[in-house]
Number of protein chains: 2
Amino acid sequence: MASTLRDVARLAGVSVKTVSNVVNGYPHVSPDVRRRVEAAVAELHYRPNASARNLRTGRTGVLALVLPTTDLPYAGDLARAVVHAAAQQGYRVVVAHEDQPTSSGLHDARMIPVDGVLVGAPVTPGEVGRAVAATGPPVVLIGSAPPDQRCDRVSIDVAQAAEDATNHLLRAGRRRIAAIGERPAVSPHPGTPGYHRALRRAGLAPVPGRLLPAQHHRRADGYRAARELLVGPDRPDAILCSSDPLAIGAMRAAFDVGLRVPDDVAVIGIGDIEEGRYSRPTLSTVAVDTGFLAREAVARLAVRIGQPDAALADIVAPHTVLPRESTDATPR
Amino acid sequence: MASTLRDVARLAGVSVKTVSNVVNGYPHVSPDVRRRVEAAVAELHYRPNASARNLRTGRTGVLALVLPTTDLPYAGDLARAVVHAAAQQGYRVVVAHEDQPTSSGLHDARMIPVDGVLVGAPVTPGEVGRAVAATGPPVVLIGSAPPDQRCDRVSIDVAQAAEDATNHLLRAGRRRIAAIGERPAVSPHPGTPGYHRALRRAGLAPVPGRLLPAQHHRRADGYRAARELLVGPDRPDAILCSSDPLAIGAMRAAFDVGLRVPDDVAVIGIGDIEEGRYSRPTLSTVAVDTGFLAREAVARLAVRIGQPDAALADIVAPHTVLPRESTDATPR
DNA sequence: GTGAAAGCGCTAACAT
DNA sequence: ATGTTAGCGCTTTCAC
């Protein structure tokens, strides 16, 4: 059986309060008593019961990060950054992997005793609404979530990123620019307005057939969509992908149908995953500042935990276009 | 403030016990009362307090999966599989991302109230020992952990996988086979014996300079090590990498020094990450059955949670060599 | 500096 | 079928 404070107190010949003081580093304990207590703790392999502590204090020191199980472009980087940022503020982090885009991963995460939840997975507005309405740990949206009037959000400007990427392709001389990334399942892809804006400013009319949906951010989705674009009539000379894995799949599709990247078709993604620095060709992309995302989101969450009624924040993280080989050639 | 069972009971005009019954789906509740209680629950946005429940019952229904923050080859697949397998058994899963190989990630995970811990990150034997000695949730090693006398383990036979991969290279006609993956920081790489065994059986003497260490399983580590091998004297005609990310980095290094894969140097990894199916060339690898790993590990853990004194198990998961383009050519 | 006692929200016995 | 009560392990007043 696990030993309790009482067991330790009995063995050390002191009261539970004193043991509690020692365990929690309370300063006013005589050195002699401290030593006795520490010896007893070691002997009994005492470990404080987190649930009891949490029940009493109302706080856990843990944040949950909800991430999709299907590749989120920069999920690994984001998780790393969040763990780091949270540690700075004295929080530990658990990652809850959400099964399906529309599942109750958020709901599940809120069944785990945590002080706050960072939602990096695509969730429906309805889910967010329910989570915010219900009493329970506060929620902060992180990454590329659509704006929400009911909770804090730290995110990149996806439309702006798409516009910048499209402009990069235009500057490289491309004119027949396709896009992969509309996700009708959850919500219209938020990058589309930026893509259209860039085209219009260049005097180009958006062609409906050049905007293809992808179910998830997986290489296979990019492959499928790109192949469809590249073997069809009116072949594009560039493809904007709403995430790097989609772009990796698109590059492979081009290769498989006998086209060269970037000579025949340029490809650009969003996310700057490490894979794109080692692919052939290396992948042009829009880098997201995951450190910024993580720091700001954790900071917002920490504030809201302390002050549930603080004003809502909507923070935009910076991004940068990173030109690499996959967009580096001028078209024929 | 969050509402409690008492609040709900008061509003519904029943006792706390009845509310508890309704919330937990206890069958013997009259339909009328059930409706009243459910209405009260909804009105007050009641959510059960997980900590109180856990304190009372001694169980959480949650398993922790400890994973390294630095790329574990197939971490994503494994996490997905574990979440799925755990759900089948009625457990939720939280992932704890361990900061450094030798950090106290395991210790941290055990400070989160969970029923059991799956350790997929490289941990030192000392850590495992402490975790097992201390009272607390049981631990099962999963993935490619070295054998341990003190706790259950479900893992692939890393030495056998290395031997099989080396044999694949030998069959492809390679003779000067190098290996990347020794990690002196934590422990000697467990694949090395298999690599040596295969060489010896082919009548080849292991060349010490052809075994290079990698700090982590990152592409950059593979790049660095491979580059060193490929620009040095006595250039190898094949490289066995102990993980796929290392192999991806190695392929890029070959390309950067003007060598062709597989013509000049063959490359094979271990793990079968999706990236290797889209790389150029596609990456030969040893596929690990993550579904098996996850199912067996969760099953073992579930058993041990119920019976702390059950006999220790050491289960070996199957693996398969997957020949792809990166080892497909005969040497010059 | 240390001890005694109350109570966080919940479930499990037991009672009705 | 529903109500009453004790207590899980801890922290936190409040005494001393």
Side-chain angles (χ1 to χ4, degrees), chain A residues 1-41 44-62 110-115 134-137, chain B residues 1-41 44-62 110-115 134-137:
Chain A
M1 260 321 287
S3 43
T4 74
L5 270 189
R6 283 186 54 172
D7 302 328
V8 177
R10 194 153 32 205
L11 181 61
V14 296
S15 77
V16 280
K17 168 72 162 98
T18 302
V19 180
S20 177
N21 284 343
V22 171
V23 169
N24 294 316
Y26 185 69
H28 302 294
V29 185
S30 71
D32 173 48
V33 170
R34 160 156 285 138
R35 221 172 313 105
R36 286 221 311 282
V37 170
E38 277 164 354
V41 163
L44 296 175
H45 294 299
Y46 169 75
R47 288 165 9 94
N49 180 315
S51 296
R53 184 177 277 181
N54 172 223
L55 176 57
R56 185 63 242 237
T57 63
R59 63 184 307 282
T60 62
V62 178
R110 291 161 56 84
M111 288 293 358
I112 293 166
V114 294
D115 294 340
T135 53
Chain B
M1 260 320 288
S3 44
T4 75
L5 270 190
R6 284 186 54 175
D7 301 329
V8 177
R10 193 155 32 207
L11 181 60
V14 296
S15 77
V16 283
K17 168 72 161 97
T18 303
V19 179
S20 177
N21 284 344
V22 172
V23 170
N24 294 317
Y26 186 70
H28 302 293
V29 184
S30 72
D32 173 47
V33 170
R34 161 158 282 137
R35 221 172 314 106
R36 285 222 313 281
V37 171
E38 276 164 354
V41 163
L44 295 174
H45 295 300
Y46 169 75
R47 288 165 10 94
N49 180 316
S51 295
R53 184 177 277 182
N54 171 223
L55 176 58
R56 184 63 241 237
T57 62
R59 62 184 308 283
T60 61
V62 178
R110 289 162 57 82
M111 289 290 3
I112 293 165
V114 295
D115 294 340
T135 53

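Lettering follows sequence order; numbering is per chain, from 1.
Summarising the geometry, the separation between CG on A:L55 and C1' on D:dG7 is reported as 12 Å, rounded to the nearest angstrom. Distance CZ (A:R6) to C1' (C:dA4): 12 Å, rounded to an integer number of Å. Between A:N24 atom CG and C:dG1 atom C1' the separation is 16 Å, expressed in whole Å. One interatomic measurement links the two molecules: CG of B:N49 to C1' of C:dG9, which rounds to 6 Å at whole-angstrom precision. Straight-line distance from the CZ atom of A:R10 to the C1' atom of C:dG3: 16 Å, rounded to whole Å. One can place CG of A:L5 at 13 Å from P of D:dC8, the figure rounded to the nearest angstrom.
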Show, in sequence, the C-alpha distance, side-chain angles and deciding distance for B:L55 and A:N49, and conclude whether the side-chain contact (heavy atoms from CB on, under 4.5 Å) test is met.
CA-CA 8 Å; B:L55 176 58; A:N49 180 315; 4.2 Å; yes

What do the steps show when you test A:D32 against A:R36 for side-chain contact (heavy atoms from CB on, under 4.5 Å), and what is the final call?
CA-CA 6 Å; A:D32 173 48; A:R36 286 221 311 282; 3.4 Å; yes

Between B:N21 and B:H28, does the side-chain contact (heavy atoms from CB on, under 4.5 Å) criterion hold? Intermediate values first, please.
CA-CA 8 Å; B:N21 284 344; B:H28 302 293; over 6 Å; no

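Residue pairs that meet the salt bridge (charged side-chain N to carboxylate O under 4.0 Å, His left out) test with at least one member in residues 9-20 of chain B, sequence neighbours left out, are B:D7-B:R10.
Taking every side-chain heavy atom of A:Y46 into account, D:dC10 is the closest of D:dT11, D:dC10, C:dT11.
In this model, the phosphate group of C:dC10 is not approached by any side-chain N or O of B:S20 to a distance below 4.0 Å at OP1 or OP2.
Between B:E38 and B:V22, the shortest heavy-atom contact is CG-CG1, 4.2 Å. Minimum interatomic distance between B:A12 and B:V37 (heavy atoms only, all atoms of both residues): CB-CA, 4.1 Å. Minimum heavy-atom separation, B:P48 to B:R53: CB-NH2, 3.3 Å.
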Give me, pair by pair, the N or O atoms of the protein and of nucleotides 2-6 of chain D that are less than 3.5 Å apart, along with how far apart they are.
| from | atom 1 | to | atom 2 | distance (Å) |
| --- | --- | --- | --- | --- |
| D:dT2 | OP1 | B:S30 | OG | 2.8 |
| D:dT2 | OP2 | B:S30 | N | 2.8 |
| D:dG3 | OP2 | B:S15 | N | 2.6 |
| D:dG3 | OP2 | B:S15 | OG | 2.9 |
| D:dG3 | OP2 | B:T18 | OG1 | 2.6 |

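For the helix from C:dG1-D:dC16 to C:dT16-D:dA1, the axis fitted to the five pairs at one end and the axis fitted to the five pairs at the other end meet at an angle of 30° (nearest 10 degrees).
Taken to the nearest 0.5 Å, the CG atom of B:L44 stands 9.0 Å off from the OG1 atom of B:T4.
A:S20 places no side-chain N or O within donor-acceptor distance of the main-chain N or O of A:V16, the cut-off being under 3.5 Å.
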